[in-house]
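Since the structure comes first, as structure tokens, the remarks are kept for the end.
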Number of protein chains: 2
Amino acid sequence: MPRVVDVDERRALLAAAVWRVIHREGLANASVRKVAAEAQVSMGSLRHYFSTQNQLLQFSLQAVGERVTQRLATLDLTGTPRQVAELVALELLPLDADRRAEVEIWIAFSAATLTDPDLRALSDQSHEALHTLLRTLVADLLPPNSPDQDLDLETDRLHALIDGLALHGATTPTQTTPTRLQAALTHHLEHLARS
Amino acid sequence: MPRVVDVDERRALLAAAVWRVIHREGLANASVRKVAAEAQVSMGSLRHYFSTQNQLLQFSLQAVGERVTQRLATLDLTGTPRQVAELVALELLPLDADRRAEVEIWIAFSAATLTDPDLRALSDQSHEALHTLLRTLVADLLPPNSPDQDLDLETDRLHALIDGLALHGATTPTQTTPTRLQAALTHHLEHLARS
DNA sequence: ACCTTTATAGCACGAGTGTGCTACTTTGAA
DNA sequence: TTCAAAGTAGCACACTCGTGCTATAAAGGT
């Protein structure tokens, strides 16, 4: 039998290297060679786990989504709807360096999504999943038995606000400080709960 | 005296070619050769107006900002604060194919901004200009003599909402239709005016 | 000890890139 | 008519890229 290596761990390691390269030099510079060097692995070894660059990048994008999902899963969701909504929403904002890096990677992939059909499919999936999650939060915030139309509208608004804040927090971190991000979001949830 | 050519027009033509290439293949594929071919111009000719690729891309980014600014300048700003705010804000959303393409280019440059200091400076400028414009709209919407803190908060929120909606309209146009974009925005302005 | 399977390593080819550079063409003032 | 300025054209070099490919190393069941 063959040499034993944890394949999933190896792939996760390489995805992390992809993230670091993207964060440092952008998605356009995430070449196979640079990722391999970043992971301190030979090109041949990398290509044993991802035979093409597309596979590598697609996996890395998917892994970002799963990383966020797992972080959200660790949250303690006991509390009032307002508390839960705030907890989840704040987790999605770039309030520290780690999450800012994460958002930067998400932006890079979002841009790539516009011209790469394969990435687009993955991205749409994450978008839809987050939208669904946010919809349940909104449903608990609004008055019981609110019409679907209101739910959809407020979910669109909350989702856009979160992504817009994340975008600003990453692109203009000097102006858009974590404090301001947090203030805008909690203020929005306050309005939602009182409407 | 030399051959006479409208230099500004030439540069604008090349910037438009850059936009088309970015829209079709992404910023990473906006090579000097491809842009020249897109503009039906030789490499040498292109490089007479932009001696390096960076100059070309920086000008193209700046030109996007100016294009938006000029579109906003043509709007008829007579009306109630609510009407003016809606007019301006809706102009910024990807409600038709042209503006969707524009937003796609903006997203591509936003991603590039994260790892390119030169682009970042230009981008920050546009961001700040838009933020200032939105602040005046918000000031007219809120009760007179509202504290600066409220103005800042609501401006952050509106700005993030607009950019978030634009992002969703471009990345997931099938789900996030122009109708939904418009509904979310007018609903937000409605709340803003009544708070 | 052997051998099959898996992992690691990296060469090499063709393609594409940015930019320095030279050559040619067109223009209009002198 | 002449000529300097300005525009157009594209070659060529050094480089990076993705990927097909072969070669070597390690490991554990038999």
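Values below: all heavy atoms of this structure, side chains included; hydrogens, waters and symmetry mates excluded. Just so you know, these numbers come straight off a predicted model, no measurement behind them. In the text below, chain A, chain B and the rest are named by the order of the sequence lines, each starting its count at 1.
With no hydrogens or angles considered, no side-chain donor-acceptor pair links B:N54 and B:T52 at under 3.5 Å.
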Any protein N or O atoms within reach of nucleotides 9-11 of chain D? Criterion: under 3.5 Å, listing atom names and distances.
from	atom 1	to	atom 2	distance (Å)
D:dA9	OP2	B:S42	N	3.4
D:dA9	OP2	B:S42	OG	3.4
D:dG10	N7	B:G44	N	3.1

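One can place CG of B:L13 at 15 Å from P of D:dG7, the figure rounded to the nearest angstrom. Rounded to a whole Å, the CZ atom of A:R11 is 12 Å from the P atom of C:dT8. Going from atom CG of B:L46 over to atom P of C:dG18 covers 10 Å, rounded to whole Å. A:N29 has its CG atom 12 Å from the P atom of D:dT16, to the nearest Å.
Checking the phosphate oxygens (OP1, OP2) of C:dT8, a side-chain nitrogen or oxygen of A:Y49 falls inside 4.0 Å. A sub-4.0 Å separation between OP1 or OP2 of D:dT8 and a side-chain N or O of B:H48 is absent. Distances shorter than 4.0 Å separate some side-chain N or O of B:S31 from OP1 or OP2 on C:dT17.
Sorted by first then second residue, the ring pair (Phe, Tyr, Trp, His ring centres under 6.0 Å) pairs that include residues 133-174 of chain A, not counting sequence neighbours, are A:H127-A:H159, A:H131-A:H159, A:H159-B:H168, A:H168-B:H127, A:H168-B:H159.
Comparing D:dG18, D:dT8, C:dA7 by their closest approach to the side chain of A:Q53 singles out D:dG18.
Rounded to 10 degrees, the angle separating the terminal helix axes of the helix from C:dA1-D:dT30 to C:dA30-D:dT1, each built from five base pairs, is 10°.
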